[in-house]
Engineer: 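My structure is below; once you've seen it, I'll send some questions.
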Amino acid sequence: MNVISSIEQLETHYGEVSAPARVKVAKTITPYYARWITASPFCALASVGPEGLDCSPRGDRGTVVEIVDETRLAMPDRRGNNRIDTLRNIVRDPRVALMFLIPGSPTVMRVNGRAFITADPDVLEAYAMEGKPPRTVTFVDVDEVYFQCARAVNRAGLWSGAFPDLDALPTVGQMLEAASSEIDGKFYDEEWPKRAKESLW
């Protein structure tokens, strides 16, 4: 196997970057890009820390982030499992990347930037949902924003409705019980829908 081990080899193999791929990158959130970002209820948030990389899902009702201004986003951190892997990373290394998905659309929006976290009560109250404030709010100062080529989503048929048979996959409870004798998988699966409904916010 021949391993590509230099940037020169890599660029030679792939060739020139197309004009659309070059010109789409903006340093601020343009009005058109803002409309796409605010339409997204879900994003993947990537961060980096001393232990390595982390990428976690983020979702919210309506829009997953609020646009503060053309250079800043706000992302409330709703209830979760308290692992706070992403937040630990941000405290030590502010670099983050976000990938926004909109159900039904093959267009993916991406943001690279630097983040910081606040638990200021006034800020938390401003982002309350159903009367419940988030645990923290992460602000992202944008370095660059652009849309991603739609080929990956189209190839995956992400919104086509041709989904895998979920009943053939192990449940979350089964996976947890296999990982630890502390967990009763059947009980976890039975209780999860009620627990999730009561703890979304």
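Note that the structure is a prediction, hence the values are computed from the model and not measured.
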Engineer: State, with a plain yes or no, whether a side-chain heavy atom of T138 is found less than 4.5 Å away from one of L45.
Structural biologist: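 No, their side chains stay 4.5 Å or more apart.
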
Engineer: What is the minimum heavy-atom distance between A119 and L124, and which atoms define it?
Structural biologist: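 Closest approach of A119 to L124: O-CD1, 3.6 Å.
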
Engineer: Using 4.0 Å as the upper bound for N to carboxylate O, is an ion pair formed by E16 and R22?
Structural biologist: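 A salt bridge is absent here (no side-chain N lies under 4.0 Å from a carboxylate O).
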
Engineer: Do the numbers put R195 on top of the ring of Y188, so that NZ or CZ is under 6.0 Å from the six-membered ring centre and no more than 45° off the axis?
Structural biologist: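 Here R195 passes the 6.0 Å and 45° test against Y188.
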
Engineer: Can you check whether R78 reaches P134 side chain to side chain, under 4.5 Å on heavy atoms?
Structural biologist: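 In contact.
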
Engineer: Should we say atom CG of L10 is surrounded by more than 12 heavy atoms from elsewhere, each under 6.0 Å from it?
Structural biologist: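 Buried by this count: over 12 neighbours within 6.0 Å.
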
Engineer: Between N89 and G52, which heavy-atom pair has the shortest distance, and what is it?
Structural biologist: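 Smallest interatomic distance, heavy atoms only, reads ND2-O, 4.0 Å.
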
Engineer: Among L73, T38, T71, which one satisfies side-chain contact (heavy atoms from CB on, under 4.5 Å) with I29?
Structural biologist: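 The option that passes is L73.
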
Engineer: Can you give me the closest heavy-atom contact between V137 and A74, atom names plus distance?
Structural biologist: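 Smallest heavy-atom distance, with atoms named: CG1-CB, 4.2 Å.
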
Engineer: For the residue pair V145 and T28, establish whether any side-chain heavy-atom pair is separated by less than 4.5 Å.
Structural biologist: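 No, their side chains stay 4.5 Å or more apart.
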
Engineer: So, do E130 and R61 sit near enough that their side-chain heavy atoms are less than 4.5 Å apart?
Structural biologist: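 A side-chain contact under 4.5 Å exists here.
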
Engineer: Taking the side chain as every heavy atom from C-beta outward, state whether W201 and D60 have any atom pair closer than 4.5 Å.
Structural biologist: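 Yes, close enough: below the 4.5 Å cut-off.
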
Engineer: How many angstroms lie between NZ in K24 and CD in Q148, if you round to the nearest 0.5 Å?
Structural biologist: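 If I round to the nearest 0.5 Å, the distance is 5.0 Å.
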
Engineer: Taking the side chain as everything from C-beta on, heavy atoms only, tell me whether L98 gets closer than 4.5 Å to M75.
Structural biologist: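 Yes - at least one pair of side-chain heavy atoms lies under 4.5 Å apart.
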
Engineer: Would you name the heavy atoms of E66 and T63 that are closest together and state the gap between them?
Structural biologist: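 Result for this residue pair: OE2-CG2, 3.7 Å.
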
